[in-house]
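Below you'll find the structure, written out as structure tokens, and then a few comments.
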2 protein chains.
Amino acid sequence: MPKRRHLPLTALRAFEAFARHGRMSLAADELCVTHGAVSRQVRGLERLCGARLTQGPRNNLKLTDSGERLARSLGATFDEIERSFVEVRASADRELHVSCVGTLAMKWLIPRLSSFHARRPELSVRVTEAYSPVDFTREPFDAAIRLSDVATVEGATVTSFLDNFHGPVLAPGLIPAGAHFPSLGALPRLHTRPHPQAWAEWAGQAGMILPETAEHREYEHLFYMLEAAAAGLGVGLTPWIYVAADIAAGRLAAPFGFVRTPARFQLILPEQTPKRGLAHFRDWLLEESATAPPPPEMALVGA
Amino acid sequence: MPKRRHLPLTALRAFEAFARHGRMSLAADELCVTHGAVSRQVRGLERLCGARLTQGPRNNLKLTDSGERLARSLGATFDEIERSFVEVRASADRELHVSCVGTLAMKWLIPRLSSFHARRPELSVRVTEAYSPVDFTREPFDAAIRLSDVATVEGATVTSFLDNFHGPVLAPGLIPAGAHFPSLGALPRLHTRPHPQAWAEWAGQAGMILPETAEHREYEHLFYMLEAAAAGLGVGLTPWIYVAADIAAGRLAAPFGFVRTPARFQLILPEQTPKRGLAHFRDWLLEESATAPPPPEMALVGA
DNA sequence: CCTTGCTTGTGAGCTGACATCACATGCCGA
DNA sequence: TCGGCATGTGATGTCAGCTCACAAGCAAGG
């Protein structure tokens with residue numbers, strides 16, 4: 001099993017540093033090793049080459065002709081490697097890859113991104129839909145947005161940027177003419193598979209006892225459920241921010257108002273090697289969320 | 001203590017191989033590691049870059065745009081490194097660095113080298129004078145020539161190319177007119193510091209009892225001693241090959257002839273990574289030594 | 001549909017390349 | 001002659017990077 005490409009890269013780098021500085025101890029400083037390490041590397045390289053690369057007395061080493069030629073070539077080459085490496089890293093710095101719970105991305109984040117691009121044209125944002133807890137050591141995300149009431153994440157800093165309110169929504173046409181409220185017992189109740197206990201939580205927070213209902217329907221995603229609600233298939237329970245626009249446009253009605261939940265929308269940033277530009281993204285996120293309209297308050301429901 | 005030049009060379013090489021082959025398993029074969037090693041290196045590089053370099057399903061990985069750009073640059077660059085490395089090694093292959101006992105170099109080897117250069121113009125020979133036992137793992141020699149009766153050297157192959165004969169020599173003018181032999185007791189006996197027991201060995205091999213002598217002189221090197229002998233300062237003991245030319249030219253006389261010693265001139269070659277061209281050097285050495293004239297035989301000395 | 005075979009991803013654990021430390025060695029200038 | 005400064009090196013430590021073995025994703029053929 002022959003090593004076809006068995007270049008002694010470590011030794012070549014050590015030699016190149018030595019050639020540039022003229023002294024092993026300086027090269028050692030640059031590479032953050034001891035002079036002995038550089039000495040061994042250079043010696044090993046000479047053995048591999050079968051030629052002397054250095055000459056002269058110990059305290060005033062010079063390069064041989066071969067060494068000079070090798071060093072000249074290596075210098076340019078390592079520069080080139082470094083250049084393309086940092087270039088890739090820099091271009092990566094210009095792109096923020098954000099993992100975001102899908103509904104917020106679709107209903108709130110993506111529609112507003114153009115304002116971020118306008119402010120920071122040098123940065124571009126890529127949004128990927130995700131729901132599971134984020135692990136920056138395993139996934140290539142630069143930031144994550146989640147709806148959670150956990151205030152800390154191991155190895156990450158958490159910034160809450162938006163309070164959460166939730167409440168029932170339905171198609172305006174389902175509210176009986178002349179009434180302010182529909183009867184929650186008379187309509188199908190819509191659920192989502194990821195969060196089946198949502199209605200029970202809302203009832204607890206709203207101080208309501210949910211009446212029995214004729215029908216339950218379950219949807220894979222919250223935004224499917226919202227489409228169903230808008231189409232008049234029943235009453236859905238949703239965070240306010242997802243439907244603020246639909247309510248303003250009259251596609252959905254929220255006759256019971258919204259109630260605050262313990263969970264909040266959080267920006268989660270890795271503590272290890274956070275990308276430049278994330279601070280701008282966080283600032284923008286905080287400003288943008290501050291302009292969000294407050295939700296209609298919880299209405300007192302007639303029993 | 002910042003690592004100014006902390007390029008992940010191993011990871012970059014692994015990535016470059018992967019990019020060239022398009023599959024990690026092939027890159028792994030080239031680098032003589034397992035596919036897992038390449039996978040980890042590429043993944044680590046992506047983390048360092050902060051950008052994805054690969055995309056697509058596991059069984060059909062492709063490069064991202066960033067990866068493509070990086071790979072293009074790295075490919076050329078590693079080629080360049082390899083090129084200059086093998087170039088240095090090749091140029092080193094053309095030069096044979098021979099460690100040789102000084103007197104043989106001066107009196108025999110160097111005067112004949114032109115015939116080697118004429119036969120092998122692509123090879124050049126550099127001769128360095130040395131006497132101590134050679135250790136190829138510590139000294140940058142490609143070959144060594146020694147006078148020794150030890151037939152094997154650890155980690156090296158030994159080729160004897162010239163028998164050794166030694167005998168007394170002196171300035172012709174010191175031989176009394178009309179006599180064939182000078183009186184060994186009447187002349188200063190010349191010694192060398194590295195080999196002070198030479199006279200005693202010779203006496204044993206020649207079956208002679210050395211008479212007391214008026215004076216002993218010691219020289220640092222054999223060739224200083226030979227100069228002293230030629231200048232008429234006494235009788236020196238020397239290997240035949242060193243003085244063959246001086247005897248032919250009449251500068252020295254060897255009235256007692258020469259006697260064979262157990263030691264022979266040996267070419268010692270390293271077993272590890274012997275340099276191309278050494279076989280030619282050995283062949284030439286054997287041919288050249290075969291043409292050496294035989295020494296005058298040991299003369300029977302009148303008591 | 002399931003199976004088979006290709007690929008890459010990864011947890012656990014080992015190992016040797018490469019580092020350090022401390023001392024030796026060699027050259028220089030005061 | 002001696003102290004200062006640079007590199008060379010034997011002994012020893014340690015972690016980057018490897019292997020192993022298994023998991024998992026995808027494709028194609030039965």
Side-chain angles (χ1 to χ4, degrees), chain A residues 1 3-48 52-64 67 132 135-141, chain B residues 1-48 52-64 67 130 132 135-141:
Chain A
M1 204 169 178
K3 290 213 179 195
R4 268 197 289 165
R5 294 196 131 223
H6 179 243
L7 286 177
L9 292 176
T10 316
L12 288 167
R13 171 169 56 187
F15 173 71
E16 192 272 338
F18 162 70
R20 215 158 2 90
H21 291 292
R23 269 193 278 144
M24 293 206 175
S25 25
L26 295 185
D29 284 350
E30 168 175 315
L31 300 169
C32 299
V33 294
T34 58
H35 72 89
V38 176
S39 172
R40 285 172 199 281
Q41 291 291 350
V42 172
R43 219 121 299 282
L45 186 61
E46 288 186 334
R47 189 157 310 156
L48 280 173
R52 299 220 52 141
L53 300 171
T54 63
Q55 59 187 351
R58 284 182 174 198
N59 61 348
N60 191 18
L61 275 182
K62 297 297 181 195
L63 295 178
T64 62
S132 51
D135 178 355
F136 292 117
T137 68
R138 309 182 64 83
E139 296 161 307
F141 294 119
Chain B
M1 201 170 180
K3 289 212 178 193
R4 267 199 289 164
R5 296 196 130 224
H6 178 244
L7 288 177
L9 292 177
T10 315
L12 289 167
R13 171 170 54 186
F15 173 71
E16 192 271 338
F18 162 69
R20 214 158 4 88
H21 291 293
R23 270 192 277 145
M24 294 205 175
S25 27
L26 295 185
D29 285 350
E30 169 174 314
L31 299 169
C32 297
V33 294
T34 58
H35 72 90
V38 176
S39 172
R40 285 170 198 283
Q41 291 292 349
V42 172
R43 219 121 297 282
L45 186 60
E46 287 187 335
R47 190 157 308 156
L48 281 172
R52 298 219 53 140
L53 301 170
T54 62
Q55 59 186 351
R58 283 182 174 196
N59 62 347
N60 191 20
L61 275 181
K62 298 296 180 196
L63 295 178
T64 62
S132 52
D135 177 355
F136 292 115
T137 69
R138 310 182 65 82
E139 296 161 306
F141 295 119

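Letters A, B, ... mirror the listed sequences (proteins, then strands); counts begin at 1.
- Rounded to an integer number of Å, the gap from NZ of A:Lys62 to C1' of C:dG26 is 17 Å.
- One finds the CG atom of A:Asp135 at 11.0 Å from the CZ atom of A:Phe141 (value rounded to the nearest 0.5 Å).
- Inter-residue side-chain proximity for A:Met24 and A:Leu61 is flagged as met; some heavy-atom pair is nearer than 4.5 Å.
- Counting heavy atoms from C-beta on, the side chains of B:Phe18 and B:Leu53 never come closer than 4.5 Å.
- Considering CG of A:Leu31 and CZ of A:Arg13, their distance stands at 6.5 Å, rounded to 0.5 Å.
- In this structure, B:Leu31 atom CG and C:dA17 atom P are separated by 16 Å, rounded to whole Å.
- In plain terms, the two heavy atoms of B:Ala14 and B:Val38 that are nearest each other are O-CG1, 4.4 Å.
- Taking 4.0 angstrom as the limit, A:Gln41 places none of its side-chain polar atoms (N or O) nearer than this to OP1 or OP2 of C:dA17.
- Per the geometry, CG belonging to A:Leu12 stands 15 Å off C1' belonging to C:dA17, to the nearest Å.
- For DNA chain D, the span of nucleotides reached by chain A at under 4.0 Å from its heavy atoms goes, 5' to 3', from D:dA6 to D:dA11.
- A:Leu9 places none of its side-chain heavy atoms less than 4.5 Å from the side chain of B:Thr10.
- Residue-to-nucleotide proximity on DNA chain C shows that, of B:Ala37 and A:Gly36, the 5′-proximal contact is made by B:Ala37.
- How far OG1 of B:Thr34 is from CZ of B:Arg40: 8.5 Å, rounded to the nearest 0.5 Å.
- Atom CG of A:Leu7 is separated from atom P of C:dA17 by 17 Å (rounded to the nearest Å).
- Place A:Ala11 and B:Thr54 on DNA chain C by their nearest nucleotides, and B:Thr54 ends up nearer the 5' end.
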For this session: Verify salt bridge (Lys or Arg N to Asp or Glu O under 4.0 Å) between A:Glu46 and A:Arg43, making sure each step is shown before the conclusion.
Result: CA-CA 5 Å; A:Glu46 288 186 334; A:Arg43 219 121 299 282; 3.2 Å; yes
Show the distances under 3.5 angstrom between N or O atoms of the protein and N or O atoms of nucleotides 6-8 of chain C.
residue : atom : partner : partner atom : Å
C:dT7   : OP1  : B:Arg23 : NH1          : 2.4
C:dT8   : OP1  : B:Met24 : N            : 2.6
C:dT8   : OP2  : B:Ser25 : N            : 3.3
C:dT8   : OP2  : B:Ser25 : OG           : 2.9
C:dT8   : O4'  : B:Arg58 : O            : 3.2
C:dT8   : O2   : B:Arg58 : NH1          : 3.2

